[in-house]
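Worksheet: one structure, shown below.
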2 protein chains.
Amino acid sequence: MGRRVSKHPKEMALLKEHLGKHQLKYTRQRELILDAFLKQEHITAEELYHQLSRKDPHLGLATIYRTLNLFCEAGLAQARHFGSQTQYDNVSHKGHHDHLICTECGKIVEFENCDIERLQEEVAARNGFVIKTHRLELYGLCPRCQH
Amino acid sequence: MGRRVSKHPKEMALLKEHLGKHQLKYTRQRELILDAFLKQEHITAEELYHQLSRKDPHLGLATIYRTLNLFCEAGLAQARHFGSQTQYDNVSHKGHHDHLICTECGKIVEFENCDIERLQEEVAARNGFVIKTHRLELYGLCPRCQH
DNA sequence: TTGAAATTGATAACCCATTTCAACTAAACG
DNA sequence: CGTTTAGTTGAAATGGGTTATCAATTTCAA
């Protein structure tokens, strides 16, 4: 069943590269958290903590937070404040995606739009900025909530 | 010196309309906070608290938070999580504006882009949504922080 | 294998924001 | 005008998410 072979070789390599460059170590916890994290579109530290709570080495919540922040620094994840919590988005899964949010029922639809991304680059360039990430959220009413 | 005449009659009217509709009262604190808030492009509760700490009736921090949230409900402000704090944007000041934010020094540049807004409407329409507001933030490095 | 340096996990500490509650006011009513 | 009623205030306690602390453990280069 290949239980020792990572299902995410590309991301694993990225992480190891980052670790190497910063004198950080490759640990069993980091591998476990990476594998679990990459299965999601986006997740909170708390959710990941519960998902992994039955695993072999019991992972502390602090380790989850530390590791997710590490992933952000390594470019594998992207933090996004949503409500009172922080969502960690899986960057490598399918590129960047934005959100369409219903203010009535909370429904969230994800979307991507290259044209918007291109215009964003233009705006940034015009102001001398180099964009690393962005966040676009559209708030309104979903079809069901328009009465 | 016209000290009893509000410098923001339009927003004041909007607030009073909201208060009336919800059986809320018009208080000296709310007037003070509104006047101070409208002078800013965006501000945190803490900053506003310090700005107003010398005023006649000493305003509690809890009141600042409550009132800023009230402004959000009345459509005068818009909350935005930035770093660990919440920024309250002045919506009425000059229409909607988006942000270009330097992740290194925190510098914020505001911009508007009609083309992006139009594309947003298209995306929303395609998903059956009716947009009420939106939020677009571009994170990156400002000219000075690119070394 | 050994030793230096990083990591972990439990928990305490932090910080921003909200809730609580008794005293206080706005404003509707008599 | 007073009275009354219901919303508001401020100080302090509380809450929830995230980070810091630190002794024990683990990684990895030599």
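All values reported here derive from a predicted model rather than from experimental measurement.
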With no hydrogens and no angle check, just 3.5 Å: does a side-chain donor-acceptor pair link [X] and [Y]?
X	Y	value
B:Glu137	B:Tyr139	yes
A:Tyr88	A:Gln78	no
A:Gln40	A:Glu47	no
A:Glu110	A:His42	yes
B:Gln120	B:His134	yes

Starting at atom [atom1] of [X], determine the distance to atom [atom2] of [N], rounded to an integer number of angstrom.
X	N	atom1	atom2	value
B:Glu46	C:dT18	CD	P	12 Å
A:His81	C:dC16	NE2	P	12 Å
B:Leu70	D:dG7	CG	P	14 Å
A:Leu68	D:dG17	CG	P	15 Å
B:Glu31	D:dT9	CD	P	12 Å
A:Glu47	D:dG17	CD	C1'	13 Å
A:Leu52	C:dT8	CG	P	13 Å
B:Leu32	C:dT25	CG	P	14 Å

Does a side-chain N or O from [X] land closer than 4.0 Å to OP1 or OP2 of [N], or not?
X	N	result
B:Tyr65	C:dA17	yes
A:Arg30	C:dT7	yes
B:Thr86	C:dA17	yes

Whether B:Glu17 side chain and B:Ala74 backbone form a donor-acceptor pair below 3.5 Å =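 Between the backbone of B:Ala74 and the side chain of B:Glu17 there is no qualifying donor-acceptor contact (under 3.5 Å).
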query = Is there a donor-acceptor contact under 3.5 Å from the side chain of B:Asn113 to the main chain of B:Asp115?
reply =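 Indeed, once roles are kept as given, a pair shorter than 3.5 Å links the two residues.
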So which protein N/O to nucleotides 9-11 of chain C N/O distances come out below 3.5 Å?
{"residue": "C:dG9", "atom": "OP1", "partner": "A:Gln29", "partner atom": "NE2", "Å": "3.3"}
{"residue": "C:dG9", "atom": "OP1", "partner": "A:His58", "partner atom": "O", "Å": "2.6"}
{"residue": "C:dG9", "atom": "OP2", "partner": "A:Gly60", "partner atom": "N", "Å": "3.3"}
{"residue": "C:dG9", "atom": "OP2", "partner": "A:Thr63", "partner atom": "OG1", "Å": "2.6"}
{"residue": "C:dG9", "atom": "N7", "partner": "A:Arg66", "partner atom": "NH2", "Å": "2.6"}
{"residue": "C:dG9", "atom": "O6", "partner": "A:Arg66", "partner atom": "NH1", "Å": "3.3"}

message = Parallel, tilted or perpendicular, judged at 30° and 60°: which one describes the rings of B:His58 and B:Tyr49?
response =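 Taking B:Tyr49 first and then B:His58, their aromatic rings stand perpendicular (interplane angle over 60°).
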Separation of A:Asn90 CG from A:Ile43 CD1 (nearest 0.5 Å) =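 Nearest 0.5 Å value for the CD1-CG distance: 10.0 Å.
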ask   = Taking the side chain of B:Asn69 as its heavy atoms from C-beta onward, which of C:dT18, D:dT18, C:dT7 lies nearest to it?
value =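 Ranking C:dT18, D:dT18, C:dT7 by closest atom to the B:Asn69 side chain puts C:dT18 first.
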request  = Give B:Thr44 one of three labels, base, sugar-phosphate or nothing, depending on what nucleic acid heavy atoms sit under 4.0 Å from its own.
outcome  =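 No contact.
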inquiry  = Going by purine N1 to pyrimidine N3 plus the second Watson-Crick contact, or the G-U wobble pair, all under 3.5 Å, which nucleotide sits opposite D:dA20?
reply    =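 D:dA20 is paired, partner C:dT11.
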key: Interface with DNA chain D, restricted to residues 17-27 of chain B and to heavy atoms under 4.0 Å   =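 Hits under 4.0 Å, by residue number: B:Gln23, B:Leu24, B:Lys25, B:Thr27.
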